[in-house]
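One structure is given below, encoded as structure tokens.
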Amino acid sequence: MKKARLFFQLVGVGIFTISLIIVSCTKEGPMGPAGADGTDGVDGEDGNSTCMACHNTTTKTNIEAQFSLSVHSAGLNAVDYAGGRASCAECHSHQGFVQFATTGDVTGDITNPTAWECATCHGLHETMGAGDYALRLKDPVNPIFDSSVTMDLNGNSNLCANCHQSRRAEPALTNPGEDTFTITSAHWGPHHGAQANSVYGVGFAEIEGSVEYPEAGSSFHLKQASCTGCHMADFDNDRDEGGHTWNPSLVACNTCHEANEEDFNYGGVRSDIAAKLDILRDELLRLGVLEYVEADEAYEPVPGTYPTVQARAFFNWVGLSEDRSFGAHNPKYIRALLINTIEKVQLEPTPGV
């Protein structure tokens, strides 16, 4: 037993001795020559140059000067009338729009509403790239009048569609199958400035008639142009158009149309649509749906119950009148709406005759 123990002790001592010899024999040699450099990576964008493309004194001053020429900055059509009301502040005040863009809703009345400013539309950058304008909203819009519809005005132009849309649906959508419709107030209608409806080709009363309606989203001015392309083209100092005035740019339109017009009446489209709007207005006056109010210096609906087709006709007339493009936003769609609507109302009997 003692011999076995001695044997294992000797083996252990031997293994330990060999380990020491191996360790002592392992030495670090001198450093070898440096290897060849690897391929350089792609340079990143210069943060300062990217930011300073917009955030420089000259650009900022020019944008502020352009913005001062816009109705949006004045707030005349917004803050004074509706900027503080929770139901309107989303589009009628800076605070309301920022709250809506951030949370999806306006939770209450705005105590001290103010007009739009840079930060109304612009928030935080996402990519810091040249095309990142830090717009608060730019996704396609599900409109208020029908959330099952998606209006895609293409990227940055979708920001405009959040406000420039109908706030009410047309009578056949809210009261399907009913023969009559009640206009409840002198303010009834799609709301002021439903331009996104016109551009995309949805949301108006598509009364059947002799003219087929084009497919939604097929407008030339949607496919080949955009809200920003026409209204925010390079600023024209001679005409105060484009840029942050949002006044449509005749230079941009002439460039696309390869023309040299002095106004926006290409091919007489705007004159034709204006004439048709007048015809429809006169028919609505004949039917008693519409009246001229001296105190307001405006044509307004007469509250009452009417055949549904007449209420739909008024919806189209007031919405297309307040679109204010006289067909330019979507000539085929607007022309079809007016022709088909006029055909229908001209068949309606004059009340009391």
Side-chain angles (χ1 to χ4, degrees), residues 90-91 100 104 137-178 181 183 188-231 246 248 269-270 272-273 276-277 280 301 308-345:
E90 169 187 331
C91 292
F100 166 73
L137 298 170
K138 56 181 182 292
D139 292 334
V141 175
N142 298 114
I144 295 169
F145 61 84
D146 186 354
S147 60
S148 68
V149 172
T150 299
M151 298 191 300
D152 187 355
L153 273 58
N154 301 324
N156 294 343
S157 294
N158 284 322
L159 176 71
C160 311
N162 281 277
C163 286
H164 289 279
Q165 58 165 296
S166 173
R167 322 309 280 185
R168 294 187 181 94
E170 65 105 344
L173 190 60
T174 60
N175 299 61
E178 296 188 12
F181 183 86
I183 294 177
W188 182 82
H191 201 57
H192 316 292
Q195 286 85 359
N197 297 41
S198 298
V199 173
Y200 200 73
V202 292
F204 285 99
E206 296 183 8
I207 297 169
E208 293 184 4
S210 62
V211 182
E212 182 179 356
Y213 292 102
E215 181 182 358
S218 66
S219 168
F220 181 86
H221 281 154
L222 181 60
K223 295 295 185 181
Q224 302 296 324
S226 65
C227 301
T228 54
C230 296
H231 289 262
W246 292 294
V269 168
R270 300 185 86 230
D272 176 60
I273 296 301
K276 287 180 170 56
L277 283 168
L280 181 53
T308 299
V309 68
Q310 294 182 18
R312 298 182 79 196
F314 171 77
F315 190 94
N316 284 347
W317 175 80
V318 70
L320 294 176
S321 295
E322 294 186 334
D323 168 70
R324 297 193 295 278
S325 78
F326 293 103
H329 283 146
N330 193 340
K332 290 183 179 179
Y333 181 64
I334 293 173
R335 180 174 178 274
L337 285 169
L338 288 172
I339 290 176
N340 292 343
T341 302
I342 290 169
E343 287 176 352
K344 284 293 185 184
V345 295

Min side-chain heavy-atom separation [X]-[Y] under 4.5 Å:
X: Thr341; Y: Arg312; value: no
X: Lys138; Y: Leu159; value: no
X: Phe326; Y: Leu277; value: yes
X: Asp139; Y: Asn158; value: no
X: Arg168; Y: Pro190; value: no
X: Leu222; Y: Asn154; value: yes
X: Phe181; Y: Trp188; value: yes

> When the ring planes of Phe315 and Phe204 are compared, do they come out parallel, tilted or perpendicular, using 30° and 60° as the limits?
Replying inline: perpendicular
Do any N or O atoms from the side chain of [X] and from the backbone of [Y] form a donor-acceptor pair under 3.5 angstrom?
X: Arg335; Y: Tyr333; value: no
X: Ser166; Y: Ala194; value: no
X: Asp152; Y: Pro140; value: no
X: Tyr213; Y: Ile207; value: yes
X: Arg270; Y: Gly327; value: no
X: Gln165; Y: Ala161; value: yes
X: His221; Y: Ala328; value: yes

Drop me the distance from [X]'s [atom1] to [Y]'s [atom2], to the nearest 0.5 angstrom.
X: Phe145; Y: Met151; atom1: CZ; atom2: CE; result: 5.0 Å
X: Glu212; Y: Lys332; atom1: CD; atom2: NZ; result: 10.5 Å
X: Gln195; Y: Arg324; atom1: CD; atom2: CZ; result: 5.5 Å
X: Leu280; Y: Leu337; atom1: CG; atom2: CG; result: 10.5 Å
X: Ile144; Y: Glu90; atom1: CD1; atom2: CD; result: 5.5 Å
X: Arg167; Y: His192; atom1: CZ; atom2: NE2; result: 11.0 Å

Grab the two heavy atoms, one from [X] and one from [Y], that are nearest each other, plus how far apart they are.
X: Ser198; Y: His329; answer: CB-CB, 4.1 Å
X: Pro143; Y: Val141; answer: CD-O, 3.3 Å
X: Pro171; Y: Thr308; answer: CB-CG2, 4.2 Å

> Which residues satisfy the side chain to side chain contact (heavy atoms under 4.5 Å, CB included) test with Ser157, sequence neighbours excluded?
Replying inline: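 Once residues adjacent in sequence are excluded, the partners of Ser157 under the side chain to side chain contact (heavy atoms under 4.5 Å, CB included) criterion are Leu153, Ser226, Cys227, Thr228.
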>> Can you tell me which residue among Ile334, Ile273, Asn330 is in a side-chain contact (heavy atoms from CB on, under 4.5 Å) with Asp323?
In response: Ile334
> Which pairs pass disulfide bond (SG atoms under 2.5 Å apart) with one or both residues in residues 138-178, sequence neighbours excluded?
Replying inline: Cys91-Cys163
